[in-house]
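Accompanying notes for the structure given below.
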Amino acid sequence: MLRPPVEPMPAQAVESVPGSGVLGEQAFEQKFDVYRALLSTETGAAADRLLVQTRRGMLIQDRFPDLVTAAEQLTDGLVLDGELVVWDAAAGRLSFEGLQRRTAARGRAARELAASLPAFFIAFDVLQENGSNRPARCR
């Protein structure tokens, strides 16, 4: 079983983009200011069932009570590689400043910010499922 700290794979340049023929000769992806993170669900009914680890190995799940609540729906023994984003409902857009505020907040402040600046985890790879490592995908 993968245990924190786990190092996510950094982005790498490739010669061609899979599926680039869909848009003719061009492919694009909108760039958002995000935090790269790993999300993992521990097995069993532990109080700290969800772990959110930053790229530098810091555990920050205590700053994201909304993600902890949402993770109750996930299966045990899951490790996802992805990105954290925060939605600013008042501005109607993603907010990197809001993400920075959420990452710095703890306890009551974290719960209050979760109401106005909800966090989302955008998963792009499953590293482990049911406690078993997944085979590497073509990247």
Side-chain angles (χ1 to χ4, degrees):
M1 175 176 238
L2 295 174
R3 307 286 298 167
V6 176
E7 191 170 323
M9 186 178 104
Q12 298 177 359
V14 295
E15 289 185 28
S16 65
V17 178
S20 61
V22 174
L23 297 174
E25 295 295 320
Q26 299 181 21
F28 68 92
E29 182 177 293
Q30 188 171 357
K31 170 67 174 106
F32 297 113
D33 287 326
V34 300
Y35 282 172
R36 181 77 179 267
L38 294 174
L39 184 145
S40 61
T41 56
E42 296 294 303
T43 56
D48 295 329
R49 184 177 173 274
L50 176 75
L51 299 176
V52 179
Q53 178 192 307
T54 68
R55 185 175 180 173
R56 298 200 171 147
M58 194 162 95
L59 295 175
I60 58 171
Q61 62 275 0
D62 60 328
R63 287 113 190 218
F64 295 93
D66 43 348
L67 289 181
V68 171
T69 299
E72 292 172 2
Q73 302 173 45
L74 298 175
T75 61
D76 290 348
L78 186 64
V79 179
L80 302 173
D81 189 1
E83 299 170 329
L84 282 171
V85 296
V86 165
W87 182 257
D88 184 338
R93 61 177 172 78
L94 294 176
S95 171
F96 187 67
E97 184 267 336
L99 180 58
Q100 291 175 313
R101 287 178 58 203
R102 290 289 312 270
T103 304
R106 293 188 175 142
R108 184 172 157 189
R111 291 187 299 276
E112 290 173 357
L113 282 173
S116 61
L117 296 168
F120 298 89
F121 184 81
I122 302 168
F124 49 76
D125 204 358
V126 178
L127 302 179
Q128 189 175 75
E129 191 173 20
N130 297 320
S132 299
N133 292 350
R134 298 284 306 257
R137 301 190 193 327
C138 297
R139 298 174 206 241

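Both backbone and side-chain heavy atoms feed into the values below; hydrogens, waters and symmetry mates do not.
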- Query: At their closest point, which heavy atom of Ser40 faces which heavy atom of Val79, and how far apart are they?
  - Reply: CB-CG2, 3.7 Å
- Task: Quick one: do Ile60 and Leu84 satisfy side-chain contact (heavy atoms from CB on, under 4.5 Å)? Show the steps, please.
- Result: CA-CA 11 Å; Ile60 58 171; Leu84 282 171; 3.8 Å; yes
- Note on the structure: Closest heavy-atom pair, Gly82 versus Phe124, reported as atoms and distance to 0.1 Å, is CA-CE2, 3.3 Å
- Task: With sequence neighbours left out, write down each residue that passes ring pair (Phe, Tyr, Trp, His ring centres under 6.0 Å) with Phe96, or none if nothing qualifies.
- Result: Tyr35
- Item | Considering all heavy atoms, the nearest Asp62-Ala110 contact | O-CB, 3.9 Å
- Query: How many angstroms lie between atom OG1 of Thr41 and atom CD of Gln128, to the nearest 0.5 angstrom?
  - Reply: 8.5 Å
- Query: Do any N or O atoms from the side chain of Arg101 and from the backbone of Leu113 form a donor-acceptor pair under 3.5 angstrom?
  - Reply: no
- Item | Side chain Ser95, main chain Val86, donor-acceptor under 3.5 Å | no
- With Glu112, which residues qualify under side chain to side chain donor-acceptor pair (under 3.5 Å), at least two apart? Arg108
- Output yes when a side-chain donor or acceptor of Asp66 lies under 3.5 Å from a complementary backbone atom of Ala119, and no otherwise. yes
- Query: Please walk me through it: do Leu39 and Leu74 pass side-chain contact (heavy atoms from CB on, under 4.5 Å)?
  - Reply: CA-CA 11 Å; Leu39 184 145; Leu74 298 175; 3.7 Å; yes
- Note on the structure: Scanning both residues in full, the closest heavy-atom pair of Leu51 with Glu42 reads CD1-OE2, 3.3 Å
- Task: Decide side-chain contact (heavy atoms from CB on, under 4.5 Å) for Asp125 and Leu80; before the verdict, give the C-alpha distance in whole Å, the side-chain angles of both, and the deciding distance to 0.1 Å.
- Result: CA-CA 6 Å; Asp125 204 358; Leu80 302 173; over 6 Å; no
- Message: Apply side-chain contact (heavy atoms from CB on, under 4.5 Å) to residues Leu117 and Asp88 and explain how you reach the verdict.
- Response: CA-CA 5 Å; Leu117 296 168; Asp88 184 338; 4.0 Å; yes
- Query: If you look at every heavy atom in Val68 and Leu50, which pair is closest and at what distance?
  - Reply: CA-CD2, 3.5 Å
- Looking only at heavy atoms, the pair that brings Ala37 and Val52 closest together is CB-CG1, 4.3 Å
